[in-house]
Protein chains: 2
Amino acid sequence: MEDKQCLCKNIAQDELDRITAEIPPENEIAALSEFFKVFGDPNRLRILYFLSKAELCVTDLASIAGMQQSAVSHQLKTLRQNRLVKLRKDGVTSYYSLDDLHVSEIFLMALTHIKEL
Amino acid sequence: MEDKQCLCKNIAQDELDRITAEIPPENEIAALSEFFKVFGDPNRLRILYFLSKAELCVTDLASIAGMQQSAVSHQLKTLRQNRLVKLRKDGVTSYYSLDDLHVSEIFLMALTHIKEL
DNA sequence: TCCTTATATGAACATATATTCATATAAGGA
DNA sequence: TCCTTATATGAATATATGTTCATATAAGGA
């Protein structure tokens, strides 16, 4: 707790202390922000949208998302590291699909919010 | 539609076309990713958490979030531009509070997801 | 083994982004 | 008007991040 406490009268000190004490732990905040950051790129959002509809290979994803194959691979790596997609290999081809049911929910909720603006 | 269509047999061309046709428009994708990006910073998440509990002034926020006043002001500007918080002035003091009920929902949903990992 | 195809990987690079530092601005009191 | 306080703003800076380019790696067929 810093010592630069405001002198304004809007909130009691003990109320402030209570709020501060209840915040989720540091590692959860970090994980949360990391989670949201993954959705914070338009190309990754497109990839997630397409994968919410069907299992797709890298080349098809690159094609329909209008991205280079390499860029898609990089993004898929990020999505895998964050456990949002999973990989199935068949010969030389890699197929990706969603590995997290929350993605569609979150996508929908945020879309609802955007449309209310 | 690019011409680098994959020859793999996982999905029919018309299925692929249908998926591509259904994606939300460009401006919605952009708005969505922007929305998520705002939550993708730990300090902004902290600010939003605190404001979900009470209306607070900049100095108190800076204090409990462990940030410099200037950094808080910058972040609050971003949050205001994205209509997530609102400002009430009283004399020299500015008080901020949530301007969007979705914030708590989104925060909770994501926290649930994080805890399932 | 060599060649082809699909994809992953890493470096380079351009751009984005959060914080710091300095100070401008706003509000209020003496 | 001057001074103090609270906050906003802008430039500088360090770091992060997404894309491109080149190529390594994996898989399979000849």
Side-chain angles (χ1 to χ4, degrees), chain A residues 2-11 29-30 33-48 51 55-82 85-97, chain B residues 2-11 29-30 33-48 51 55-82 85-97:
Chain A
E2 301 290 316
D3 61 354
K4 289 191 185 157
Q5 216 66 104
C6 174
L7 298 182
C8 73
K9 304 198 175 51
N10 191 51
I11 186 167
I29 297 285
S33 62
E34 192 67 31
F35 177 70
F36 284 120
K37 197 182 292 185
V38 170
F39 287 82
D41 174 73
N43 282 329
R44 277 204 294 275
L45 264 188
R46 280 192 200 92
I47 290 175
L48 287 171
L51 294 184
E55 185 190 55
L56 295 165
C57 69
V58 179
T59 304
D60 277 344
L61 273 173
S63 173
I64 59 181
M67 296 164 68
Q68 304 266 38
Q69 171 266 319
S70 166
V72 171
S73 281
H74 279 293
Q75 299 287 27
L76 287 170
K77 179 172 183 177
T78 298
L79 294 172
R80 275 178 72 202
Q81 287 174 339
N82 283 278
V85 301
K86 60 179 180 272
L87 165 66
R88 171 176 74 89
K89 288 203 149 193
D90 185 3
V92 300
T93 306
S94 299
Y95 295 97
Y96 287 83
S97 57
Chain B
E2 301 290 315
D3 59 356
K4 290 192 184 155
Q5 216 65 101
C6 174
L7 299 183
C8 73
K9 301 192 177 51
N10 193 50
I11 187 167
I29 296 287
S33 63
E34 193 66 31
F35 178 70
F36 284 119
K37 197 181 291 184
V38 171
F39 287 82
D41 174 73
N43 282 330
R44 277 203 296 275
L45 264 188
R46 282 192 199 90
I47 291 176
L48 287 172
L51 294 184
E55 183 189 57
L56 295 165
C57 68
V58 178
T59 304
D60 278 344
L61 272 172
S63 174
I64 58 180
M67 297 166 65
Q68 304 266 36
Q69 170 267 319
S70 165
V72 171
S73 282
H74 279 293
Q75 299 287 28
L76 287 170
K77 179 173 182 177
T78 299
L79 293 173
R80 274 178 73 202
Q81 289 175 336
N82 284 275
V85 301
K86 61 180 181 270
L87 166 65
R88 172 177 73 90
K89 287 203 149 192
D90 184 3
V92 299
T93 307
S94 299
Y95 296 97
Y96 287 83
S97 57

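Hydrogens, waters and symmetry mates play no part in the numbers below; they use all other heavy atoms, side chains included. Residue numbers begin at 1 in each chain, while the letters A, B, ... track the order of the sequences.
A/Asp41 places its CG atom 9 Å from the C1' atom of D/dT17, with the value rounded to the nearest Å. What separates CD of A/Glu34 from P of D/dA16 is a distance of 12 Å, to the nearest Å. Counting to the nearest Å, the C1' atom of D/dA8 and the CD1 atom of B/Ile47 are 14 Å from each other. The distance from atom OH of B/Tyr95 to atom P of C/dA27 is 14 Å, rounded to the nearest whole Å. Atom pair A/Leu79:CG and D/dT17:P shows a separation of 14 Å (rounding to whole Å applied). Straight-line distance from the CD atom of B/Gln68 to the C1' atom of C/dA18: 13 Å, rounded to whole Å. Taking atom CG of B/Asp90 as the reference point, atom P of D/dA6 lies 13 Å away to the nearest angstrom. If you measure from atom CG of A/Asn82 to atom C1' of D/dT17, you get 14 Å, rounded to the nearest angstrom.
Between the side chain of A/Gln69 and the base of C/dA6 there is no donor-acceptor pair of N/O atoms closer than 3.5 Å.
How far OG of B/Ser73 is from CD of B/Gln68: 11.5 Å, rounded to the nearest 0.5 Å. A distance of 4.5 Å separates CZ in A/Arg80 from CG in A/Leu87, rounded to the nearest 0.5 Å. Here B/Leu79 contributes atom CG and B/His74 contributes atom NE2; the two are 13.0 Å apart, rounded to the nearest 0.5 Å.
Pairing for C/dT17 is with D/dA14, a Watson-Crick or G-U wobble pair whose two hydrogen-bonding atom distances lie under 3.5 Å. The base-pairing partner of D/dG28, taking Watson-Crick or G-U wobble contacts with both distances under 3.5 Å, is C/dC3. Across every strand in view, C/dG10 sits in a pair with D/dC21 that passes the Watson-Crick or G-U test at under 3.5 angstrom.
Note: A/Phe36 and B/Phe36 have parallel aromatic rings, judged against thresholds of 30 and 60 degrees for the angle between ring planes.
Within residues 70-77 of chain B, the residues having any heavy atom under 4.0 Å from DNA chain D are, by residue number, B/Ser70, B/Ser73, B/His74, B/Lys77.
Distances shorter than 4.0 Å separate none of the side-chain N or O atoms of B/Lys37 from OP1 or OP2 on D/dT17.
Within 4.0 Å of B/Arg44, counting heavy atoms only, lie sugar-phosphate atoms of the nucleic acid but no base atom.
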Show, in sequence, the C-alpha distance, side-chain angles and deciding distance for B/Ile64 and B/Leu56, and conclude whether the side chain to side chain contact (heavy atoms under 4.5 Å, CB included) test is met. CA-CA 10 Å; B/Ile64 58 180; B/Leu56 295 165; 3.9 Å; yes
Is there a side chain to side chain contact (heavy atoms under 4.5 Å, CB included) between A/Leu48 and A/Val85? Walk through the geometry before answering. CA-CA 8 Å; A/Leu48 287 171; A/Val85 301; 4.1 Å; yes
Verdict with reasoning, A/Leu61 to A/Leu51, per side chain to side chain contact (heavy atoms under 4.5 Å, CB included): CA-CA 9 Å; A/Leu61 273 173; A/Leu51 294 184; 4.0 Å; yes
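Nearest-nucleotide assignment on DNA chain D puts the 5′-proximal partner with A/Thr78, out of A/Thr78 and A/Lys89.
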